[in-house]
Amino acid sequence: MKYAAIAVLSALLALPGAAAAQLGGEPIIHDPSTIALSDGKYYTFGTGRGGLVSEDGWTWHSGGVRPGGGVAPDIIHIGDRYYVAYAVGGGGMNGGHASQIKVMWTHSLDPSSPAFGYHEVGVVAESNGIEDADAIDPAFLLADGRLWLSYGTYFGYIRMVELDPATGARRAGNQPVDIAIDMEATALLYRDGYYYLLGTHGTCCDGPNSSYNIRVGRSRSPTGPFVDHMGVPLLKGGGKLVVAGRGRRYGAGHFGLVDLGDGLEKFSMHYEADMDRSGRSVLAIEPLLWKDGWPVGGENLAAGTYEIESQRSGGALELAVDDTRIAFDARRSFFAPPNTPVSPIANQTLGEDQASWPSGPIKVDLGDYMIRPHQQWTVTPVAGAGGYFGAPYYSIVIAGTGRALAVSGDTVTTVPTFTDAPEQLWRIDQLTDGTYRITPKVTGQGPSRALIAVGASTPALAPFDPASVVGRWAFKRP
Amino acid sequence: MKPTKIAIVLAMSVVAPLTAGLAQQAPAPAPSFEPYFAAPTSAPLAPDADGFLQRWLLLEPIVKPNRSNIGFTQSYVRAALSDFPGRTEAVPRDGALIKTPEPLRWHALDARLFDVKLFNFAQSLGKPVYGVIFHAITVVDSPRDMHNVRLAVGSNAASMWWVNGTEAVGLYGDRRMVMDDGVSQPLTLHKGRNIIRGAVINGPGLSDFCVRFVDADGRPVRDLTIDLK
């Protein structure tokens, strides 16, 4: 059944406009923790024992060892320790709100490492089953040298406690602070002086009938008050939408930041139901955008045909070929009487444009966008090619042709036919401002390279600078 | 996460070996009104700083089993909440009994918080807390005719609300309680007494509501007094 589902998925990916696959392998999980890198592999733990492991952030398999069971753990890497928090008890719907959050640590998450081995820290938060709190769903944040832990669910308050980053234990004398209501599966971020409290609203655990969606509020203090973009306190039910289900995946919950560096931020979560995987709960990794100081769920680029516009010059990525004029008599436009009947004129066809193209490799440059076929690129996730942290590898070809954007040594060019070769596969990652970074799968030696506008009209492969616009691209409908 | 029945089975399986640790927790205190409610004073009460109405008559919960809140469609909720056990145009007195197979009592209470904690109300009375319907009534006294105000409600879970006998707000589905979740069309509060009535239905999980009036600019209406006469 699993293989049949993947085959269907692969077939869907071949269709223009089909939603990009999220992840490969068997990313089956519920309540995934923040993803942590240990010994060259990425780990996330979920409800129950164990979790998922991946070498590239794209293909995930069952793996990892997490004793203690319980629900909805979280991981944070501090110094030479990986702290893991998890809840034991609680989470009931008809009672069962007595719970404890425990912390343990290990030097490695890789069970084959000699440094692997959990050490119990003990209980850091609890609920007695009567009070307005249910101590499950812990989430770590290390900010300004202080370690915070939020927890809670719909039964009462979301609460914040402070832990000792040296030990993982609760700070002596620290008391829980109520910071939100009607939320669960919280997560914490710190950015530009704001603490962000993310959490899930809606109904869990009912497949495609789950209404789970991720919300956020922010505060200048880790203990609140957290408010949303409308100023509604999270203690009064507020929360700005970050991401909800879409397409074939329903019920987004359990946010976890994935900071890939170079200004590239993504987030992990689960979807309650992936309809291409029998409606099972799956791990997902999607781009994280920041708009007006708020985190917003981004989107992988959908398959389709686009102009690829440089954010440096506004120039369109194009084949460096002669422009062919569209037959047009300017006198018909400027000098004809206003009441002269009008009629449509066709855009230039591929055949008209293509007639002068050489047959071999053609270089690319950046030019004024003229709605010409040699400026229009069809971008398609390549089935079976894999990807990296939620972004599949794409082919980028001139629309209506097989002519593909490709790496050639240190330069970027096009080749007449797309062949699936690694040099023709591209990562297209949405950046936090909504534009995209385009990087080849094949990066060669030295620092990773991206498609860069090294001149107003000249694209090249060079290291990506997150502080500059030269490596940022917009994909626009042609 | 908020498990459904399916997830509860999963949770039971993973938690069972570890419940021994829970025995070390201090015994839970007995449920109490005290953190959430106070007995009303004889003086009328003003809305709080945000305009929330905190004085209410609450009817002990009516048992209405629902193992999930997913089924709270508009048609289901309308049918479930239309059966009010009493005269809808009347304001019961504190302690009045409703003649049902299991007699239910009205309780006059001042909420200490902006929201009325129905779960804790039922829990502290030793009444059912899950799979229940709550009815609530209050009376706001307006110093003048107030036009173009709106009733703004949040409830957990679904609810319906009436102002002077006219339906004003309905919240359906598996609702969380968020202030100003459902807001009525503009309405008029008459000079003098205005009766606000609501009913909240809940399956599993907590239940509460918050109610206020907002003006045409969305600001809270505070020049009201609340009593239960």
Side-chain angles (χ1 to χ4, degrees), chain A residues 30-31 47-49 68-72 86-100 102 123 126-132 134 136-137 153-156 181-185 200-207 209-212 230 232-239 253-254 270, chain B residues 1-8 10-32 35-36 50 52 67-71 113-115 117 119-120 123-124 129-131 154 156-157 173-181 203-206 208 210 218:
Chain A
H30 201 265
D31 309 320
T47 287
R49 297 172 189 273
V71 298
Y86 60 103
V88 180
M93 291 284 282
N94 293 288
H97 304 294
S99 184
Q100 294 178 324
K102 297 182 174 180
V123 175
E126 59 190 339
S127 55
N128 62 19
I130 296 295
E131 64 188 301
D132 266 0
D134 190 339
I136 67 169
D137 292 5
T153 182
Y154 293 129
F155 191 82
I181 60 168
D182 278 340
M183 183 177 258
E184 62 182 5
T200 307
H201 288 184
T203 304
C204 167
C205 313
D206 197 12
N209 300 303
S210 305
S211 58
Y212 244 26
M230 295 290 292
V232 178
L234 268 57
L235 278 167
K236 291 185 175 174
H254 259 276
H270 75 239
Chain B
M1 70 172 212
K2 185 181 185 182
T4 60
K5 195 167 54 172
I6 298 169
I8 289 170
L10 171 65
M12 292 287 286
S13 66
V14 298
V15 166
L18 297 148
T19 49
L22 297 178
Q24 300 166 8
Q25 286 186 251
S32 165
Y36 311 103
D50 295 317
F52 289 104
R67 302 187 70 172
S68 164
N69 295 338
I70 292 291
L113 306 173
F114 80 103
D115 58 331
K117 301 281 195 184
F119 180 95
N120 305 93
Q123 186 183 49
S124 60
V129 293
Y130 305 117
N156 185 350
D174 185 11
R175 290 277 169 173
R176 306 163 42 262
M177 205 283 302
V178 52
M179 62 180 280
D180 302 345
D181 189 8
L206 283 184
D208 59 346
C210 63

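Protein chains get the first letters and strands the later ones, always in sequence-line order, with residue 1 at the start of each. It should be emphasised that the depicted structure is a prediction, and the values quoted were computed from it without experimental measurement.
The line from CG of A:Leu235 to CG of B:Leu113 is 10.0 Å long, rounded to the nearest 0.5 Å. A distance of 6.5 Å separates CD1 in B:Ile70 from CG in A:Asn209, rounded to the nearest 0.5 Å. Atom OG of residue B:Ser124 and atom CD1 of residue A:Ile130 lie 11.0 Å apart, to the nearest 0.5 angstrom.
Across B:Met179 and A:Pro233, no two heavy atoms sit closer than the pair SD-CD, 4.2 Å. Contact between B:Met177 and A:Ile181 at its shortest, heavy atoms only, is CE-CD1, 3.8 Å.
The contact between B:Asn120 and chain A is made entirely by side chain atoms (from C-beta outward), counting heavy-atom distances below 4.5 Å. With a threshold of 4.5 angstrom between heavy atoms, B:Asp180 does not approach chain A through any atom at all. With a threshold of 4.5 angstrom between heavy atoms, A:Leu234 does not approach chain B through any atom at all.
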- Message: Test side-chain contact (heavy atoms from CB on, under 4.5 Å) on B:Lys117 and A:Asp132; report intermediate values, then the result.
- Response: CA-CA 10 Å; B:Lys117 301 281 195 184; A:Asp132 266 0; 4.0 Å; yes
- Query: Between A:Tyr154 and B:Asn156, does a side-chain contact (heavy atoms from CB on, under 4.5 Å) hold up when you go through it step by step?
  - Reply: CA-CA 10 Å; A:Tyr154 293 129; B:Asn156 185 350; 5.8 Å; no
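A:His201 places none of its side-chain heavy atoms less than 4.5 Å from the side chain of B:Val178.
B:Phe119 pairs by the ring-ring contact (aromatic ring centres under 6.0 Å, His included) definition with A:Phe155, B:Tyr130, not counting sequence neighbours.
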